[in-house]
Structure formats: C-alpha cells, structure tokens
2 protein chains.
Amino acid sequence: MNKDREAEILKTVDDSIRMEMKTFSEYLQKKGLKITNQRMLVAERIFSLHNHFTAESLLEEFKDQRDKISKATIYRILSIMVEAKLLQEHNFGQDYKYYEHIIGHTHHDHIICGDCGRIVEFMDERIEQLQEQAAASNGFKITGHSLNIYGTCLDPNCPNKK
Amino acid sequence: MNKDREAEILKTVDDSIRMEMKTFSEYLQKKGLKITNQRMLVAERIFSLHNHFTAESLLEEFKDQRDKISKATIYRILSIMVEAKLLQEHNFGQDYKYYEHIIGHTHHDHIICGDCGRIVEFMDERIEQLQEQAAASNGFKITGHSLNIYGTCLDPNCPNKK
DNA sequence: ATTAGTGCAAACATTTTGCACCTAT
DNA sequence: ATAGGTGCAAAATGTTTGCACTAAT
C-alpha cells in the first residue's frame, strides 16, 4: 500500500473516524511500521464498532469479505493498537479478552449483565478519587485500574432475558 | 477415605483451619460428593495459604510430597471449592487465574504491583456504596464486582523492586 | 533492494475431558 | 456393589510464533 492508496482509504472512510484513522497511520509511520491494506481495513472496522469486541468477533467481521484477514494478523494488529493506546484491552472474567477503541473516549468502568452479556459503561469521579486514596494510603502509585460490576439488567426488553 | 481417616486428618490439622476443613467436608457430604484423600490434602493446603495462588503454584506445593496429586485433580478440586464459595477466583490480567480462600474473610479489592507482583488487599465501604448506586442508576442488580488497581509499590524494601 | 507484514500451520499455555482403573460409601 | 474420583494423556481454547512468500518503503 502506498501513500495514494492510504489517501484513498482515508477519503472513503466515514467522516466520524477519519481522525482516528489518521492517528493510527501516523503512529505506524512514526514507529517505522508499514501502512498495509490489512492494518487500514482492520483499523477502519474497529473504529466503526461502537461495542466491545473480541479477536474472534472482529475476525468474524471479515468472514464474508473478499478481503480475508488471517487470525494471526488480527492478533498482531490488536497488539499494535493496544501499544499505540488506541485500543484498550479488558478482562471481563471470561477466557478471552475484550477490546474497545478509546480515541476520544474518556475513561470509564463497566457493568456486565450476566444474563445477556450487555456491557454498560459508567464513570463516577468519586470512585476514581477514592481509588487514588486507597492506593496512596497503601503506598502505591496507580498506573491503571479495572472496575467491573457484574449484575443482572432489569430491562424487561433485554434481548437475552431469561 | 472413611470417616475415621477424615477425623484423623481433621485432628492433625492446625487449629486455625479446622473449621474451614469441617465446612468443606460438610459441603461434600451435602452434595453427595466423596471425601477423598486428595480433596482433604488440597483443601488443607489451600486453607493454610495466606496468599493468592494459582493452579500451578498449588500443584507445585505437592511436587516433592509422597502424596502426588495430579493437575487434573487440582483443577477439579478448585472448581468444587469455587462452587462451594470457599474459594474466590480472580483475574488480574494475566493468562491464568488466581485464587484465594474466603472463609472468614470479608470482601475486599486488590492492588497489584506491576513491578514485584505483590498483591495488597483493601476495602473502602464508600466505594462499595458508590458501586451500588452506579449499578442501580443503570438499571442493574449487582451480583458481584471486581476492582483491581494496578500500580507500583513505593516500598523501598520491595523484594523485586527494579 | 531492503525491510517488514501476511497467511498458514504448528506451537504454546492454561484448562478441560475421556477413559481405564481405583476408592469411598 | 456401586457411584463417584483419580491419573494419565489427549483435546480444547485462546493466543503466539516460525517460516516461506508477498508487499511497502
């Protein structure tokens, strides 16, 4: 993929994610990594997703495309994007990891419905501050945290409600 | 293992964990599960541990014993004890699970040192309550939660400090 | 031309399972 | 006697890696 092709992809891309795509390709260049078709296609797909996804579900998105992308490449791109801080990795207690893109998203925590798997985001500044305090009073400097609330959603319209 | 053998083990066991052992064997009986040598030995070891451990580290504890216990059995016992709510499973972001026994322990969250791997427990009732609120205002009923703070311990005596 | 990326299949690490044998009830 | 447990090795699962080939620089 050359500069023209990159420009072409950036042009066809939805307005809402053009900035994200640009950030990613700039990151690649800065790191001396190549701007490949696969990387652009996967990034485009990721930035278009508005849900948390897994390596598997992402791969699934390319199943019926003429542009097949291998599982190995998916994992390799995920790892670059996490490194680039464009993507955040989550562990919701299952055996596989979840991801979500974080460009332009502010920090938040998650509530996961044990019935339907729905993931809701929330953020409480008071909790954040109490965490800072807890870490400090135990002699730690925080580098990150993960707060997952597991529960049952009371939504009667929940699609997977048992 | 018969009743006598069980009684014998319970007798030789350290005072501090006799209650826990009793709870476990009662659970087994109630569920129609058998009280085996392996189950008693593994439970005894687990209740004696005062740190978070993994399946691997637990297996390691039996490496040089005349009573070898297979990996499969370790996993099977862990799963029974989690089911019995004697053991809690944790995901600290690694590829393997951590466990800790929770009989007589009150709920707490964790701070994990990225340098030395040390795990510190803490608990802040205010955070707990704010979580309840967050869940409720999003229409969820909490079934559990996991709060892990990742950080760097500032302890100059930290054994693994880089 | 050079360096890096891709796809495939094989390797990995952790956990689970099938099965023949063994033990608690 | 019988239902259930154990150990072993094989399978399963999610992820990573070696390598020959291909594409971006």
Side-chain angles (χ1 to χ4, degrees), chain A residues 1-9 24-43 53-60 62-63 65-83 87 89-99, chain B residues 1-9 24-43 53-60 62-63 65-83 87 89-99:
Chain A
M1 164 166 303
N2 54 34
K3 281 286 173 189
D4 291 349
R5 188 69 222 288
E6 182 201 346
E8 188 192 319
I9 286 198
F24 182 44
S25 53
E26 277 166 13
Y27 175 86
L28 292 174
Q29 269 172 300
K30 194 180 61 195
K31 289 282 182 175
L33 300 170
K34 289 171 180 169
I35 296 174
T36 67
N37 221 334
Q38 288 90 333
R39 284 173 182 170
M40 288 297 109
L41 287 168
V42 170
F53 62 93
T54 64
E56 191 56 33
S57 76
L58 185 57
L59 186 61
E60 195 64 29
F62 292 96
K63 264 290 165 47
Q65 304 277 121
R66 56 229 154 292
D67 317 282
K68 281 267 174 45
I69 290 176
S70 76
K71 188 175 288 198
T73 296
I74 292 280
Y75 278 106
R76 285 188 277 232
I77 295 174
L78 287 175
S79 125
I80 291 173
M81 294 182 75
V82 168
E83 184 63 36
L87 216 53
E89 207 173 79
H90 292 291
N91 217 316
F92 292 142
Q94 279 107 324
D95 292 335
Y96 39 86
K97 299 190 180 87
Y98 276 87
Y99 296 87
Chain B
M1 164 167 302
N2 54 32
K3 283 283 173 191
D4 291 349
R5 188 69 222 289
E6 182 201 346
E8 189 193 317
I9 285 198
F24 182 44
S25 53
E26 278 166 13
Y27 175 86
L28 292 174
Q29 269 172 297
K30 193 180 60 193
K31 289 282 182 175
L33 301 170
K34 288 171 180 168
I35 296 173
T36 66
N37 220 336
Q38 288 91 330
R39 285 172 180 169
M40 288 296 109
L41 287 168
V42 170
F53 62 94
T54 64
E56 190 57 33
S57 77
L58 185 56
L59 186 62
E60 194 66 27
F62 292 97
K63 265 290 166 46
Q65 305 276 124
R66 55 229 154 292
D67 316 283
K68 281 270 175 46
I69 290 176
S70 77
K71 189 174 288 198
T73 296
I74 292 280
Y75 277 105
R76 285 188 276 232
I77 295 174
L78 287 174
S79 125
I80 291 172
M81 293 181 76
V82 168
E83 184 63 34
L87 216 53
E89 208 173 79
H90 292 293
N91 215 316
F92 292 142
Q94 279 110 322
D95 293 335
Y96 38 86
K97 300 191 179 88
Y98 276 87
Y99 296 86

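Since we're looking at a predicted model, the values are computed, not measured. Each chain gets a letter, A, B and so on, in the order the sequences are listed, and its residues count up from 1. Values below: every heavy atom of this structure, side chains too, minus hydrogens, waters and symmetry copies.
Residue A:Tyr96 has no polar side-chain atom (N or O) positioned under 4.0 Å from OP1 or OP2 of D:dG14. Using a 4.0 Å cut-off, some side-chain N or O of A:Arg39 falls inside it from OP1 or OP2 of C:dT6. Look at B:Ser70 and you won't find any side-chain N or O under 4.0 angstrom from OP1 or OP2 of D:dT6. In terms of phosphate contacts, A:Thr36 brings a side-chain nitrogen or oxygen within less than 4.0 Å of OP1 or OP2 of C:dT6.
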Next on the checklist: For A:Phe53 and A:Leu78: C-alpha separation, side-chain torsions, deciding distance, then whether side-chain contact (heavy atoms from CB on, under 4.5 Å) applies.
Outcome noted: CA-CA 11 Å; A:Phe53 62 93; A:Leu78 287 175; 3.9 Å; yes
Next on the checklist: Would A:Ile80 and A:Arg39 count as a side-chain contact (heavy atoms from CB on, under 4.5 Å) here? Give the steps.
Outcome noted: CA-CA 10 Å; A:Ile80 291 173; A:Arg39 284 173 182 170; 3.6 Å; yes
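When rounded to the nearest whole Å, the span between CE of A:Met40 and P of C:dG5 equals 12 Å. For the pair A:Ile74 CD1 and C:dA9 P, the interatomic distance rounds to 17 Å; values are reported in whole Å. Between A:Phe92 atom CZ and D:dG14 atom P the separation is 17 Å, expressed in whole Å. Look at CD1 on A:Ile80: it is 12 Å from C1' on C:dT6, rounded to the nearest Å. Nucleotide C:dT6 holds its C1' atom 14 Å from the CG atom of A:Leu59, rounded to whole Å. Look at NZ on A:Lys31: it is 17 Å from P on D:dT25, rounded to the nearest Å. Atom-to-atom, NZ of A:Lys71 to P of C:dC12 comes out at 18 Å; the value is rounded to the nearest Å. Atom CG of B:Asn37 and atom P of C:dT25 are 11 Å apart (whole Å).
The side chain of A:Arg76 lies closest to D:dT17, out of D:dG14, D:dT17, C:dT15. Checking D:dT16, D:dG7, C:dT23 against every side-chain atom of B:Lys34, the shortest atom distance belongs to C:dT23. Set against C:dT14, D:dT16, C:dG7, the side chain of A:Gln38 has C:dG7 as its closest nucleotide. Considering only the side chain of B:Ala72, D:dA9 comes nearest among D:dA9, D:dT6, D:dG5.
Surrounding CD of A:Glu89 are more than 12 heavy atoms belonging to other residues, nucleotides or ligands, all under 6.0 Å away. Counted within 6.0 Å of CD on B:Glu83, heavy atoms from surrounding residues, nucleotides or ligands total 12 or fewer; the atom is thus considered open.
Between B:Phe92 and B:His90, the ring-plane angle classifies as parallel under the 30° and 60° cut-offs.
Remark on DNA chain D: of its neighbouring residues B:Leu33 and B:Asp95, the 5'-side contact belongs to B:Leu33, judged by nearest-heavy-atom nucleotide.
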